[in-house]
Protein chains: 2
Amino acid sequence: MHHRRPTILDVARAAGVSRATASRVINNVPGASDVVRSRVHQVVADLGYRPNEIARALASGRRGVVDLVVFAPDPGLSWLGVHPYYSRVLAGMMPVLDGRDAQLRVHVAQADGSAAVIDTVAEAATAGAVLVNVPPELALRFHARCRRVVSLTATADRVPAVDAENAAGAYAAVSHLHRLGRRRIAAVHGPASNSCAADRRVGYLAAVRDLGLPGINADGGFIREGGHRAALQLLADHPDIDGLFVACDLMGAGAVQAITAAGRKIPDDVAVVGFDDSIAATCSNPPLTTVRLPVEEMAAEATSALLDGTVTPGWRRMFTVELVVRESAGPA
Amino acid sequence: MHHRRPTILDVARAAGVSRATASRVINNVPGASDVVRSRVHQVVADLGYRPNEIARALASGRRGVVDLVVFAPDPGLSWLGVHPYYSRVLAGMMPVLDGRDAQLRVHVAQADGSAAVIDTVAEAATAGAVLVNVPPELALRFHARCRRVVSLTATADRVPAVDAENAAGAYAAVSHLHRLGRRRIAAVHGPASNSCAADRRVGYLAAVRDLGLPGINADGGFIREGGHRAALQLLADHPDIDGLFVACDLMGAGAVQAITAAGRKIPDDVAVVGFDDSIAATCSNPPLTTVRLPVEEMAAEATSALLDGTVTPGWRRMFTVELVVRESAGPA
DNA sequence: TTGAAAGCGCTACCAA
DNA sequence: TTGGTAGCGCTTTCAA
């Protein structure tokens with residue numbers, strides 16, 4: 001015997017009502033008497049009926065789907081598996097989606113075919129899309145095709161986005177090092193093309209200027225190896241460094257390894273502060289003092305806004321960051 | 001003016017053919033002359049037509065969607081954002097999906113409402129589902145409702161799964177430590193409920209037995225804090241330990257921190273080998289020698305099999321693991 | 001409050 | 001090789 005999945009017609013028949021009425025009850029729409037309501041509910045339970053989401057989406061034109069579009073900076077997806085940021089985004093989105101029984105669809109825009117992915121997702125017209133690491137021009141392209149979109153980093157002005165006080169965070173990190181008595185505070189920055197990295201650089205520069213310290217800069221490209229290399233170079237060029245601000249924890253972990261390997265003690269010789277508060281911070285040895293970026297909260301807010309349909313062109317939400325003190329730059 | 005998205009009917013009209021023919025061309029189905037083919041393709045390009053996936057799915061009954069079901073061991077999704085394993089699964093699945101333009105949907109089964117999620121996804125009947133960390137009884141429940149499923153860890157016999165040589169990997173880790181001259185090799189294990197953890201424990205025990213070494217065991221629950229705690233305890237109870245096998249890198253990073261904090265040198269005093277080769281291994285200081293679990297490849301294989309429809313009850317694919325030597329247990 | 005029926009956009013079968 | 005057309009399962013007017 002073939003076990004067909006019950007449809008709304010089966011429910012309607014068994015309850016002795018029309019499909020329309022069954023639909024009303026199932027979707028909790030006003031017009032239906034209480035008697036009929038409970039009868040239908042009973043049948044639904046008996047038959048184990050579950051609405052077909054596909055048919056529902058087709059008929060209603062709406063969809064309980066949020067797209068997550070991740071831009072891949074390099075070919076190969078190694079970074080996706082490696083960078084702690086992405087899974088935090090997922091962790092932030094899931095509870096929100098669960099609560100409204102919406103679903104998450106994941107897309108990756110490779111550097112080459114990225115425009116195609118952007119177009120496809122935008123035209124698919126779901127409840128909305130969350131953009132991660134998507135460069136401004138592509139974000140704009142998406143926004144031009146579909147308004148229901150939020151970028152997880154500051155991007156083109158018109159594109160809705162959640163943002164964090166990156167500059168203030170970097171400033172706080174440097175201030176913390178200064179409070180610890182450090183006077184030669186260097187920085188390892190992220191890529192200039194990344195707005196978070198740019199803001200953190202601004203914060204660092206403002207801090208050293210305000211504190212009357214020399215600015216000592218290096219670049220690490222937001223990857224561990226880059227942090228390692230930059231720290232080594234910094235140590236070689238400026239042997240008197242006693243504090244280091246690293247623009248992300250992944251680079252921070254690399255810097256810590258380099259500094260230790262160079263025979264210096266952390267935090268005694270060099271105190272290190274990272275940024276993000278990701279797994280890379282807690283796995284580092286010693287664990288990194290860092291500036292917590294509330295990625296989960298930011299992703300959750302973006303998702304809610306999309307589901308609520310409250311995003312408008314230029315929409316912005318700002319999040320505060322917070323210094324998390326660990327052993328790489330101990331308490332004052 | 002209202003910009004309606006072109007449908008297949010628009011394409012058919014503009015090309016002067018029927019919807020059926022347009023559909024054939026668009027889906028690359030045999031019956032259609034080359035003349036008509038190129039004409040339709042031209043119109044598709046001109047109109048910027050893109051098939052509506054929803055309608056397509058409803059009409060055909062198939063769907064280009066793979067579900068990823070992640071079981072949440074604890075309430076709150078912090079582990080999702082923290083454990084490096086999950087993003088590696090994503091990284092492994094995405095390229096496969098991309099190549100066949102299928103999409104990924106993510107679901108999280110919380111410990112309480114997990115059965116409901118399992119049922120929903122199973123009944124939604126997509127191309128298939130990849131199960132991550134789903135306990136045997138729930139995996140069986142899923143399999144009973146929907147055959148198109150692959151577990152990313154060994155589970156109930158009938159449930160299709162990809163598996164890795166966890167026992168052999170642990171054995172190799174211990175052998176490596178032995179080759180390095182270590183004779184007091186302890187282990188920090190994962191939760192007994194996890195089949196990978198169980199297999200790694202078996203491997204460790206077999207190795208110390210074969211090598212004629214004492215078995216010194218502790219549990220760390222597959223989290224960093226657990227590794228930290230276990231290492232501290234081990235050091236206190238067995239001060240003569242000179243080698244440590246840790247069943248996952250996250251615990252390994254914690255163990256490294258504890259050992260260093262206790263004033264011992266790694267690898268000189270205690271050599272450490274982890275398992276997984278995740279970001280936790282590379283961010284640790286010193287970086288962890290570890291056993292690489294090919295998570296990406298495993299996830300990719302599971303996804304392909306699902307898309308190909310080649311999984312059958314009891315289906316299995318075994319993956320080999322490989323020792324990756326880093327500084328926490330240097331080359332022999 | 002209820003039901004009939006017209007789609008949503010597409011696929012797949014059957015006939016031509 | 002083509003076109004006609006009956007659905008896929010559901011929502012949503014419009015009348016009753």
Side-chain angles (χ1 to χ4, degrees), chain A residues 2-41 43-44 47-65 101-103 120 123-127, chain B residues 2-41 43-44 47-65 101-103 120 123-127:
Chain A
H2 196 63
H3 230 62
R4 202 175 50 83
R5 197 175 152 186
T7 73
I8 199 171
L9 184 57
D10 298 320
V11 173
R13 284 215 188 98
V17 299
S18 68
R19 291 191 301 171
T21 300
S23 175
R24 286 187 195 104
V25 174
I26 291 164
N27 292 291
N28 253 314
V29 173
S33 67
D34 286 355
V35 203
V36 169
R37 271 195 141 49
S38 59
R39 188 141 40 99
V40 171
H41 278 134
V43 172
V44 164
L47 264 48
Y49 168 79
R50 292 196 151 278
N52 179 324
E53 292 301 336
I54 296 283
R56 180 179 272 188
L58 180 59
S60 67
R62 313 181 237 95
R63 329 192 189 179
V65 172
D101 68 350
Q103 300 178 323
T120 306
E123 284 167 15
T126 58
Chain B
H2 196 63
H3 230 64
R4 200 174 52 81
R5 196 175 154 187
T7 72
I8 199 170
L9 185 57
D10 298 320
V11 172
R13 284 213 189 99
V17 299
S18 69
R19 293 190 298 171
T21 301
S23 175
R24 284 185 198 106
V25 175
I26 292 164
N27 292 291
N28 253 315
V29 173
S33 67
D34 287 354
V35 203
V36 169
R37 268 194 144 50
S38 60
R39 187 142 39 99
V40 171
H41 278 132
V43 172
V44 164
L47 264 47
Y49 169 78
R50 293 197 149 277
N52 178 324
E53 292 300 336
I54 297 284
R56 182 178 268 187
L58 180 58
S60 67
R62 316 180 236 93
R63 327 192 188 181
V65 172
D101 69 348
Q103 299 177 324
T120 306
E123 283 168 16
T126 59

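Each chain gets a letter, A, B and so on, in the order the sequences are listed, and its residues count up from 1.
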Report summary line: Taking every heavy atom of Pro6(B) against every heavy atom of Leu47(B), the minimum-distance pair comes out as CG-O, 3.7 Å
Query raised in the report: Across the strands shown, which category fits Ala32(B) at heavy-atom distances under 4.0 angstrom: base, sugar-phosphate, nothing?
Result: sugar-phosphate
Report task. Nearest whole angstrom, please: distance from the P of dT13(D) to the CZ of Arg24(A). Result -> 11 Å
**Report entry** Terminal helix-axis angle for the helix from dT1(C)-dA16(D) to dA16(C)-dT1(D), with five pairs defining each axis and rounding to 10 degrees
**Finding:** 40°
Report summary line: In whole angstroms, the gap separating P of dT12(D) from CZ of Arg19(A) amounts to 14 Å
Requested in this report: Check if the side chain of Arg5(A) and the base of dG9(D) share a donor-acceptor pair of N or O atoms closer than 3.5 Å.
Outcome: no
**Report entry** Donor-acceptor contact below 3.5 Å, side chain Arg39(A) vs main chain Ala15(A)
**Finding:** yes
**Report entry** Val17(A) backbone acceptor or donor facing Thr21(A) side chain under 3.5 Å
**Finding:** no
Requested in this report: Report the distance from atom CG of Leu58(B) to atom C1' of dC10(D), rounded to the nearest whole Å.
Outcome: 8 Å
Query raised in the report: What is the distance from atom CD1 of Ile8(B) to atom CG of Asn52(B), rounded to the nearest 0.5 Å?
Result: 10.5 Å
Report summary line: Of Glu53(B) and Thr21(A), the one whose nearest nucleotide on DNA chain C sits closer to the 5' end is Thr21(A)
Query - DNA chain D: 5'-proximal contact among Ala55(B) and Val35(B) (nearest heavy atom) - result: Val35(B)
Query - Range on DNA chain C touched by chain B - first to last nucleotide, heavy-atom distance under 4.0 Å - result: dG9(C) to dC13(C)
Report task. For Val36(A), answer base if it contacts any base atom (sugar-phosphate contacts may also be present), sugar-phosphate if it contacts only those atoms, and nothing otherwise; contact means non-hydrogen atoms under 4.0 Å. Result -> sugar-phosphate
Requested in this report: Nearest 0.5 Å please: distance from the CD atom of Glu53(B) over to the OG1 atom of Thr120(A).
Outcome: 9.0 Å
Report task. Over all heavy atoms of both residues, which pair between Arg37(A) and Pro30(A) is shortest? Give the atoms and the distance, please. Result -> NH1-O, 3.8 Å
Query raised in the report: Taking DNA chain C as the partner, which of residues 6-13 of chain A come within under 4.0 angstrom of it by heavy atom?
Result: none
**Report entry** Test side-chain contact (heavy atoms from CB on, under 4.5 Å) applied to Ile26(A) and Ser23(A), step by step
**Finding:** CA-CA 5 Å; Ile26(A) 291 164; Ser23(A) 175; 5.8 Å; no
Query raised in the report: What is the minimum heavy-atom distance between Asp10(B) and Arg5(B), and which atoms define it?
Result: OD2-O, 4.3 Å
Report summary line: Which of dT1(D), dG3(D), dT11(D) is nearest the side chain of Ala59(A)? It is dT11(D)
Report task. Identify the heavy atoms of Tyr49(B) and Thr7(B) that sit nearest to each other, and give their distance. Result -> CE1-C, 3.4 Å
Requested in this report: First locate atom CG of Asp34(B), then atom NE2 of His41(B), and finally report the distance between them rounded to the nearest 0.5 Å.
Outcome: 10.5 Å
Report task. Identify whether any heavy atom of Val17(B) sits under 4.0 Å from a base atom; if not, whether one sits that close to sugar-phosphate; answer base, sugar-phosphate or nothing. Result -> sugar-phosphate
Query raised in the report: Taking all non-hydrogen atoms of both residues, which atom of Gly31(B) and which atom of Arg24(B) are closest, and how far apart?
Result: O-CD, 3.0 Å
Query - Nearest-Å distance for atom pair CG/P, residues Asn27(A) and dG9(D) - result: 17 Å
Report task. By nearest nucleotide on DNA chain C, pick out whichever of Gly31(A) and Ser60(A) is the more 5' one. Result -> Gly31(A)
Query raised in the report: How long is the span from the CZ atom in Arg13(A) to the CZ atom in Arg19(A), to the nearest 0.5 Å?
Result: 9.5 Å
Query raised in the report: Just how far, in rounded Å, is C1' of dC8(D) from CD1 of Ile54(B)?
Result: 13 Å
